[in-house]
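All residue numbers in this chain count up from 1 along the given sequence. Only a predicted model underlies this, so the values are computations on that prediction, with no experimental measurement involved.
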Amino acid sequence: MKNKLDLNLATVLCEIIETGSVSATATRLQVSISSVSTNLNKLRKYYHNPLFFRQGNGMVPTALAIELYQLYRPALNLFDKAAKLESIAAQRNVPIRLRIAAAPSLELMLTDVLLDLTKDHQDMHWDIFLNPGDHTLRTDRLRNFLVDLDIGQELPNNRTLIYSPIFHSGLDILCRKNHSRLDKTITLEQYKQEKVLGLIPSYEQIGKKIHKFQFVDDALLYRNYRCSTSASIFIHVSQTDLITLLPAAISKWACQRFDLKVLTPDFPIVHSTQLFAHTHHSNKNNPIIMKIIEYLSGLGHYIPPSKHAS
C-alpha cells in the first residue's frame with residue numbers, strides 16, 4: 001500500500017511553482033535549500049515523475065506538476081484558513097478587524113470610506129497603514145493573512161491572490177480655493193514660480209539621489225517639499241499657497257473634503273498613476289472587502305483632455 005502524502009511536500013511543490021526556484025522557496029518557507037531539495041526528491045519518487053526541469057536559474061514545472069498544483073493550492077488555502085480561525089464562540093465576542101495596507105495617496109481617503117462603512121457594520125474595526133515598497137514583503141503579508149487588503153502598485157503575479165485594477169489616472173494640479181495668486185488656470189511660467197508639496201513614494205530608499213531637474217520632456221517631476229502621508233499634503237495645501245499634484249481620480253474627493261480647487265494648466269502633464277487592490281483568494285466572498293474594492297473601482301479611469309495628451 002502506498003504511503004500517504006506528507007502535506008509539507010504539497011506545500012513545497014506549490015511554492016516552487018509560485019516562486020520559480022528552489023532557493024526562493026527555501027527563503028519563503030524559512031528552511032534550508034537542502035531541505036527543499038530533499039522534499040522535492042521525495043515528491044519525484046512518490047509520483048515517478050521529474051515534476052520540474054531546471055532552466056537557467058529557475059525551475060519549469062511538468063504538466064503533472066501543474067495539474068497537482070491546481071489540486072494542492074485550493075486545499076492548502078483551506079488548511080491555512082482553518083488554522084487561523086478561532087473557535088466559533090470566541091468569534092462571536094471578537095469584532096471584525098480589517099488590516100489594510102494602502103498607497104500614501106489613498107491613505108486618508110480610505111479612512112473616510114471605512115468610517116462611512118462602519119455605519120452599516122458597527123462591529124467592524126480596522127487598521128490602515130502605509131504600504132512598504134518591497135513587493136515580496138507585500139505579497140507575503142497577503143499570503144500569510146497578515147494583511148487583508150493591499151492597495152498600491154501592481155504586485156507580481158501570484159495565483160493565491162485576486163488582482164483588481166482601481167484606476168489608471170492622470171494628474172491634477174490642486175491649490176486652496178482662495179489662493180492669493182491662482183484663479184482657475186495656471187501657465188507653465190506660473191507653475192515654475194509656485195512651491196509644490198508632494199508625496200515620497202513608498203518604494204524610494206532613504207539616501208537615494210534626488211535629481212535636481214524640474215522640467216524634462218514636459219514632465220513635471222520636481223517637488224520642492226515632500227512628505228510621506230497624504231494627510232500632511234491636504235492640510236498644508238488647504239491652509240497655505242502651496243500647490244500639489246494628485247491622481248485625478250481622487251481630486252474631486254480632495255476638493256470637497258479640504259476646500260481645494262483644480263487648476264487647468266496650459267501645458268501637458270504626461271505622468272499618470274495606476275493602482276491595484278490585492279487580496280487573498282479566500283476573501284473573494286468577504287462583502288466588506290469587496291465593497292471597498294467596488295467603491296475604489298468606481299472612481300473610474302480618468303481620460304485627460306486632448307490638449308493635455310502626450
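Counting only heavy atoms from C-beta outward, the side chains of Leu7 and Leu76 approach each other to under 4.5 Å. By the 4.5 Å heavy-atom criterion applied to side chains, Pro247 and Phe167 are counted as neighbours. Side-chain contact between Leu40 and Ile16 is present, with heavy atoms from C-beta onward closer than 4.5 Å. In this structure, the side chains of Ser297 and Ile166 come closer than 4.5 Å at one or more pairs of heavy atoms. In this structure the side chain of Val237 reaches within 4.5 angstrom of the side chain of Leu260, judged on heavy atoms. Residues Ile128 and Leu114 form a side-chain contact, since some pair of their non-hydrogen atoms from C-beta on lies under 4.5 Å apart. No side-chain heavy atom of Asp266 sits under 4.5 Å from any side-chain heavy atom of Thr185.
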Stepwise side-chain hydrogen bond (donor to acceptor under 3.5 Å, both in side chains) check, Thr38 with Ser35 = CA-CA 5 Å; Thr38 298; Ser35 175; over 6 Å; no
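Ser230 contributes no side-chain N or O that, together with a main-chain N or O of Leu106, makes up a donor-acceptor pair within less than 3.5 Å. Using a distance-only test at 3.5 Å, with no hydrogens or angles considered, a donor-acceptor pair links the side chain of Lys261 to the main chain of Lys177.
Residues Ser34 and Ser37 have side chains that never bring a donor and an acceptor to within less than 3.5 angstrom of each other.
Relative orientation of the Tyr163 and His278 rings is perpendicular, given thresholds of 30° and 60° on the angle between their planes.
Residues forming a side chain to side chain donor-acceptor pair (under 3.5 Å) with Ser282 (at least two apart in sequence, or on another chain): His280. For the salt bridge (Lys or Arg N to Asp or Glu O under 4.0 Å) test, residues two or more places apart in sequence or in another chain that qualify with Arg138 are Asp150. Contacts of Arg99 classified as salt bridge (Lys or Arg N to Asp or Glu O under 4.0 Å), with partners at least two apart in sequence or in another chain: Asp148. Contacts of Ser180 classified as side-chain contact (heavy atoms from CB on, under 4.5 Å), with partners at least two apart in sequence or in another chain: Asp241. Under the rule for a side-chain contact (heavy atoms from CB on, under 4.5 Å), the partners of Thr19 that lie at least two apart in sequence or sit in another chain are Glu15, Ala24, Thr25, Arg28. For Thr240, the side-chain contact (heavy atoms from CB on, under 4.5 Å) partners at least two apart in sequence or on another chain are Leu242. The side-chain contact (heavy atoms from CB on, under 4.5 Å) search around Thr118 returns Met124, Trp126, not counting sequence neighbours. Residues satisfying the ring pair (Phe, Tyr, Trp, His ring centres under 6.0 Å) criterion with His179, sequence neighbours excluded, are absent altogether. Under the ring pair (Phe, Tyr, Trp, His ring centres under 6.0 Å) criterion, Phe234 pairs with Trp253, Phe258, sequence neighbours left out.
For the salt bridge (charged side-chain N to carboxylate O under 4.0 Å, His left out) condition, the pairs that include at least one residue of residues 103-122, sequence neighbours left out, are Asp112-Arg257, Asp116-Lys119.
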Enumerate donor-acceptor pairs with a distance under 3.5 Å from any side-chain N or O in residues 50-68 to protein atoms, sequence neighbours excluded.
{"unit_1": "Thr62", "atom_1": "OG1", "unit_2": "Asn49", "atom_2": "OD1", "d": "3.2"}
{"unit_1": "Thr62", "atom_1": "OG1", "unit_2": "Leu51", "atom_2": "O", "d": "3.3"}
{"unit_1": "Thr62", "atom_1": "OG1", "unit_2": "Ala65", "atom_2": "N", "d": "3.3"}

What side-chain donor-acceptor pairs closer than 3.5 Å can you find for residues 283-296, not counting sequence neighbours?
{"unit_1": "Asn283", "atom_1": "ND2", "unit_2": "Thr279", "atom_2": "OG1", "d": "2.9"}
{"unit_1": "Asn286", "atom_1": "OD1", "unit_2": "Ile288", "atom_2": "N", "d": "3.0"}
{"unit_1": "Asn286", "atom_1": "OD1", "unit_2": "Ile289", "atom_2": "N", "d": "3.1"}

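Annotation: the span from Lys192 atom NZ to Ile186 atom CD1 amounts to 12.0 Å, rounded to 0.5 Å. Between the SG atom in Cys227 and the CD1 atom in Ile200 there is a gap of 7.0 Å [rounded to 0.5 Å].
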